[in-house]
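See structure below.
Position 1 is the first residue of the sequence; numbering continues from there.
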Amino acid sequence: MTDPSAHDLAPPTTAHRFARRAATRLGRMLIVLVAVAGALAFTPGLAGAQGDDGCTDYEWHNYWTQCVDELPQAQELQCEAAPQPASPDSGMAGWFADPSALDKSEGIGTYSAYGYAGYQLPMYGSQQMSIGGQCTNAVSIPNGADTANALANMEFNLSVAVVGASNSMRQAAWEPDTMWGWSNRFMEQGTEVLYRQIFTVFGAVTVGLIGVYLLWRSKQADMNNAVTTVAWAALILVLVTAVVRWPVQAAEYTDKALTIGMNLSTVLIADESVDGCIREPDITRARYNELKDLNGESFCIDTRSAAVVASDTVSGQVLYQNWLRTMLGQGEEFRYERSNGKIVQDSNGNPVIAESNAAYKYGPALFAAQAFSWEENAAAQNSATYRNDLIEEKQELWQNLAAQIQTEDPEAYANLSGQRAWERTGTGFLALLTAIFFSLFDLTASILIILGFMIVRFAIVALPIIGTLALLRPAGGPFKRLINTVLGATINVAIFSLAAVIYVWASSRILATAMPVWLQVVMIGLLGVAAWLLLRPGRRIAGMVGGRGPSDVLFARRSDHGDKDQPGSGAPPRDNGRPETAGGAIQDLNRNVEDFRPSETAENIRGIRDKNDAVPEQPSGGAAAGPSANASASGGGSSGGGEVYRPARRD
């Protein structure tokens, strides 16, 4: 019997060696193919690769609620807990959050959906279990990471508060119907009481004085002054009576005229999230429900006012983008796939993203995992069970997203877990500078707009008192000053409403560019300085308070002498005997000419020569000598040494 082992140990023949080599090569090729197929099938793609299966990067960014079920279940880390979701009106910035009820239900923008929630900076994954069973900082966490992260949170909280104050002040300025609704009753009662108690009583006395004045002037046959006095009194009577009769309507007409420029924000400020939505800013709740019933709950209706659109834009650009940089160490970066210069679309009609980063793909979902929306917060307040379930759901989503980011982008996870906590501090400081630089001019413009609306309303209430005195034309100074103040306030509201819209639009364009963050901060600061220098809000406030004319307020002109420059005000005369007067560019030119005009004295003023007076001989050539030649030479011309000729008075 042959030993099989002896046959196995026998040297193989040439044919056997060839067969074994071919089988080995074939086996290696199969192993490589299997490995490649396994890597393509089971290894997650890079952040930005347009996957063939599941949600695309574009869908993750815009419709992430439909994609969260694709996330693998993450293992719960020891000593770690996902952050607690925040309410939209929590914290210091929550004082300023107040979009309308319809805006909250749609939740198109970041501010409309979440208010000022979600901007906390947790360090998930920074703790680990030690050998002794205690939670300690991971080895990869730098020293002082907790302190650095606390500083970053403080900086970002201040940024959110500054932007919240700016948004709230802008909404108050751009929505006069909401801001000044309380003043309607005040104007109605105030004007009625003052008209009945002051204008009706003392106005009759003033009209009697006007009659006496007309009788006195009639003896002098001064018809011009008499007609002017009567016309002036009639104008004041009609104006005061009309304003007292319709005080609220007068204010509302002024508000509508002044808010036209503010509505430009919906045209200038582009919001990509409203694509496919119909715009109905003044829609009622009944009409809103009717459209939803007809078109379905997924039907998008943009109910935001111009002020809320601006708040969404500022919150998205100034707060959310800086939160991404602080949280993940990167802003949103993506590139569309193009063919022949056009963006390629997938089978669903969505643009194809050629490449993107974790901030673009998972940023919206990560932000929503640590924030309650307005609707979620309202429902959670009515049910403690629902609130607890919602918190668990959001914390689980946070853990799954953190694990997915760790797999796809380890660098972003290093920022997320606090391994680069000190970089968070620097990024938070840049976010604070951006918020402060942006809000300086924006707050100033909003304050001037609110001040303008307030001046108009108080002028309506004060008109019966001032109109009582203004019936007498010589006592019409306070009335003229009131009119100048109201016109100046109106001009300021119109100018700064347009300036605020353009400023928000320009700031959003700067923040949406690909320039470095520090350069964006510098550009925002320079934009505010340029707006401040061009519009000079300080002079405009002084112009409204001082009651200057509309032209002075329009061009922000400043008078160094104030009311003392007016004729008859006791101002000291100039060297040429004429008092200074405040005026525009033409009067300034005349004033400069007067500075070079010789003073009128007895020596240089003489009358016109009589026909019998002999004309003095004129010197001819270089042989002329005498006083005339000397005077001409000393005077530098034929002006006769600066003599001024005036006609003699005739008796």
Distance-only, no hydrogens or angles: does the [X] side chain make a donor-acceptor pair with backbone N or O of [Y] under 3.5 Å?
X      : Y      : value
Gln330 : Ala412 : no
Trp422 : Gln419 : no
Asp409 : Ile405 : no
Gln406 : Tyr413 : no
Ser497 : Ala494 : yes

Considering only heavy atoms from C-beta outward, does the side chain of [X] approach that of [Y] to under 4.5 Å?
X      : Y      : value
Ser166 : Phe96  : no
Val504 : Arg170 : yes
Trp180 : Ile450 : yes
Phe156 : Thr326 : yes
Glu333 : Glu355 : no
Arg325 : Leu430 : no
Thr303 : Val308 : no
Val162 : Phe438 : no

Under 3.5 Å, is there a donor on one side chain and an acceptor on the other for [X] and [Y]?
X      : Y      : answer
Ser373 : Glu375 : no
Asn322 : Ser159 : no
Asn415 : Arg424 : no

Quiz item: Excluding sequence neighbours, so at least two apart, what forms side-chain contact (heavy atoms from CB on, under 4.5 Å) with Thr110?
Solution: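 For Thr110 the side-chain contact (heavy atoms from CB on, under 4.5 Å) partners, ignoring immediate neighbours, are Tyr119, Phe367.
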
Quiz item: In chain order, what residues pass the side-chain contact (heavy atoms from CB on, under 4.5 Å) check against Glu332, with sequence neighbours excluded?
Solution: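 With neighbours one apart ignored, the set is His61, Tyr320, Gln321, Leu324, Tyr360.
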
Could you pull out all residues at least two apart from [X] that satisfy ring-ring contact (aromatic ring centres under 6.0 Å, His included)?
X      : value
Trp60  : Tyr362
Phe458 : Phe186
Phe441 : Tyr503

Assess whether atom [atom1] of [X] is packed by more than 12 heavy atoms of other residues, nucleotides or ligands within 6.0 Å.
X      : atom1 : answer
Tyr288 : OH    : yes
Glu411 : CD    : no
Met523 : CE    : no

Shortest non-hydrogen separation from [X] to [Y] and the atoms involved:
X      : Y      : result
Cys55  : Gln66  : SG-O, 4.1 Å
Met327 : Pro122 : CE-CD, 3.4 Å
Gly418 : Ala145 : O-CB, 4.2 Å
Ala421 : Met123 : CB-SD, 4.3 Å
Trp323 : Gly118 : NE1-O, 3.5 Å
Thr513 : Gln520 : O-NE2, 3.1 Å

Self-check item: The single option from Ile491, Ile449, Ile447 passing side-chain contact (heavy atoms from CB on, under 4.5 Å) against Phe496
Solution: Ile449

Quiz item: Yes or no on side-chain hydrogen bond (donor to acceptor under 3.5 Å, both in side chains) for Asn350 and Thr56, after CA distance, side-chain angles and deciding distance?
Solution: CA-CA 9 Å; Asn350 297 325; Thr56 63; 5.5 Å; no

Exercise. Please step through side-chain hydrogen bond (donor to acceptor under 3.5 Å, both in side chains) for the pair Tyr58 and Asp346, ending with a clear verdict.
Key: CA-CA 10 Å; Tyr58 181 85; Asp346 57 17; over 6 Å; no

Self-check item: Spatial distance of atom CD (Gln317) from atom OG1 (Thr434) [nearest 0.5 Å]
Solution: 11.5 Å

Self-check item: salt bridge (Lys or Arg N to Asp or Glu O under 4.0 Å) against Arg338, all qualifying residues, sequence neighbours excluded
Solution: none

